[in-house]
Amino acid sequence: MARPQPITLWLSILGELVRLVALTTGVLVSVIAFATTIKPLADGTLDPIEAVKFMFLAMPPMLAYALPFAGCFASTLVYHRLSNDNEFAAAASGGVSHRALLLPAAVVGLALAVGLAALNEQVIPRFLSAMQRLVTEDLARILATNINRGQSVELKRLVIFADRAQPIEVDPASGASTALVLARPAVIERDDAGRVTSEGTASRATLWLFPQPSRADSGPTTRLAIRLEDFVSKDASTGLVSGRSLPLSLTLPSTLSDDPKFLTTGELLALRNRPERMGWIDQRRRALAREVVREELLRRFNRALETDGFFTLIDDADRQVVVRGRVLRPAGGASWAVEPGSAQKVEVLLLRTEPGSPTRARGVRYAAASVVIAPDTSDAQLADELRLRIELRDLVSSVFGESEGGEATRRSSLSLAGLRMSDTDRLALEPFAAKPALELLAAPQAQGSDGARQKASELTKDLADLRREVLSKQHERLAMAASCFVMLVTGAVTALRFSKSLPLTVYLWGFFPALFSVITISGGQQMTHGQGGIGLLMLWGGVAALMLYTGWTYMIVRRH
């Protein structure tokens with residue numbers, strides 16, 4: 001005859017566990033969410049109404065940390081009370097095993113683990129995104145707040161200081177969402193290694209923000225345009241430049257597209273094939289694409305010189321810049337020199353009109369002893385579009401076309417900056433610029449030059465870092481869910497062992513091993529992100545150690 005199951009006892013324990021887990025979780029989540037809201041509220045990032053909304057948005061993400069400890073606390077209290085009242089002794093006298101007594105704790109722990117896994121995979125990332133969006137969506141207000149507090153603002157490679165920032169009205173037809181006026185700004189530009197390359201000041205700056213829609217391979221972005229008036233800068237290559245109005249334009253990716261913690265499981269898996277979904281990966285991809293496009297463009301220029309004797313660029317005023325020569329040759333670094341033709345001079349034509357043939361155009365002719373083409377590393381390079389610069393030395397300029405015959409002018413040097421490729425070249429090279437990161441790395445052009453190889457190496461390194469981070473996030477979410485189950489059973493087993501001790505003492509015997517488990521999960525996640533799969537030993541080691549501790553404690557309870 002089968003022994004009857006203690007269903008009444010199970011239901012009683014189950015009801016107490018659910019009630020205490022819900023109560024403890026609510027208290028912990030409220031306290032943690034309130035503590036999370038204090039900093040953005042104190043910094044002025046959120047107003048009081050937004051702070052309340054932020055606190056409610058923070059509650060679901062805080063469940064990842066509150067549920068394991070709430071379960072451990074609830075199971076400790078429930079099982080300690082029943083054990084202290086000798087109810088378990090009575091049940092054991094009736095033939096109910098310790099394993100049967102622990103079944104309600106295991107059931108609740110399993111339910112919490114499955115629920116937390118679902119939250120970690122789908123719900124929590126969406127609420128984290130909503131929290132981040134609430135804090136960062138008003139970029140203009142954040143910039144103004146930081147500047148008026150005397151803090152610097154970092155925008156890609158630029159660091160901006162100013163005496164104060166004042167919002168101004170925006171013309172709706174401009175497409176800008178907001179605008180700021182900065183009084184007496186100072187601008188520092190840094191390279192990728194963080195070294196200062198130039199610094200300058202201006203009497204005034206106007207800043208516009210243009211929201212950009214999301215693309216299929218990345219999140220939303222914001223285009224930021226800055227105009228510095230009476231800009232005075234000091235640069236290692238150009239020296240002192242004063243009395244000019246300087247326009248800048250750069251694209252700022254959303255912080256939501258820069259961290260895998262904002263992505264669901266499906267989106268994390270999709271990163272394997274489309275890693276440029278991350279803003280920092282997309283920036284590396286764009287840098288490599290620009291280098292590949294530049295090399296391909298120079299090859300097209302070379303072929304055009306060999307076949308037609310000239311190639312064409314476009315300046316900021318939409319004028320054609322026609323370069324006549326024989327061939328291009330490397331001139332050190334990223335520069336290329338134009339070899340002169342039979343006239344021993346390289347001709348550069350600056351056309352004022354859109355002619356059918358360069359020989360019948362009106363404009364200015366420059367005949368130079370040397371012409372060098374290089375990437376434009378000036379302010380225009382802060383934008384994503386590839387720009388080139390032409391440096392002319394020992395040149396003679398003259399007018400040709402309708403006014404031909406004027407007096408020639410000799411100059412030692414001339415620089416034509418901010419030049420872009422013609423529409424024909426742009427359409428031909430657009431596929432390279434639009435290639436996904438993995439396809440671009442696999443293209444032979446990615447290893448064609450020293451510059452391309454360097455950019456490809458940087459992209460490869462960032463892709464490896466992204467893969468490690470995705471791996472660490474996936475295992476961290478699973479480990480936190482598993483620890484929720486183990487911690488709840490740990491609390492129950494510990495309460496059975498120390499049934500004659502005070503409840504707080506009993507909880508501490510379960511709390512510290514559980515805390516060790518959470519710390520190792522967090523440390524293992526960081527180690528996996530930094531060093532790869534070896535960090536998984538630490539990440540899961542804490543959970544395994546907690547399971548061993550629980551099993552050892554259960555064996556002691558069972559023996560006695």
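Hydrogens, waters and symmetry mates play no part in the numbers below; they use all other heavy atoms, side chains included.
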For [X], which residues count as a salt bridge (Lys or Arg N to Asp or Glu O under 4.0 Å) partner, sequence neighbours excluded?
X	answer
Arg164	none
Glu267	none
Arg303	none
Arg294	Glu291

Taking side-chain hydrogen bond (donor to acceptor under 3.5 Å, both in side chains) as the test, write out the residues that go with [X], two or more places apart.
X	value
Ser472	Gln525
Asp462	Arg284
Glu295	Ser449
Glu430	Arg426

Do the side chains of [X] and [Y] get close enough for a salt bridge, i.e. N-O under 4.0 angstrom?
X	Y	answer
Arg286	Asp282	yes
Arg387	Asp315	no
Glu276	Arg274	yes

Do the non-hydrogen side-chain atoms of [X] and [Y] ever get within less than 4.5 Å of each other?
X	Y	answer
Leu313	Ile390	yes
Leu119	Pro60	no
Leu441	Leu288	yes
Val153	Ile147	yes
Arg277	Leu263	yes

Non-hydrogen atoms of [X] and [Y] that approach each other most closely:
X	Y	answer
Ser517	Ser483	OG-CB, 4.1 Å
Val21	Gly71	CG2-CA, 4.1 Å
Val543	Ala479	CG2-O, 4.0 Å
Leu298	Leu328	O-CD1, 3.6 Å
Ala205	Ile226	CB-CG2, 4.4 Å
Ala64	Asn120	CB-OD1, 3.8 Å

Set of side chain to side chain contact (heavy atoms under 4.5 Å, CB included) partners for Ser415, sequence neighbours left out:
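Per chain and number, Ser415 pairs via side chain to side chain contact (heavy atoms under 4.5 Å, CB included) with Arg389, Glu391.
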With sequence neighbours left out, what residues match Tyr507 under side chain to side chain contact (heavy atoms under 4.5 Å, CB included)?
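Side chain to side chain contact (heavy atoms under 4.5 Å, CB included) check on Tyr507 returns Phe69, Cys72, Phe73, Thr76, Phe511.
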Heavy-atom donor-acceptor pair, Arg300 side chain to Glu296 backbone, under 3.5 Å:
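It does not hold such a pair.
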What donor-acceptor contacts under 3.5 angstrom involve side-chain atoms of residues 30-42, with partners at least two apart or in another chain?
residue : atom : partner : partner atom : Å
Ser30   : OG   : Gly26   : O            : 2.8
Thr36   : OG1  : Ile32   : O            : 2.8
Thr37   : OG1  : Ala33   : O            : 2.8
Lys39   : NZ   : Asp43   : OD2          : 2.9

Applying side-chain hydrogen bond (donor to acceptor under 3.5 Å, both in side chains) as the test, list every pair that has at least one member in residues 531-549; sequence neighbours left out.
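Pairs touching residues 531-549 that pass the test: His475-Trp540.
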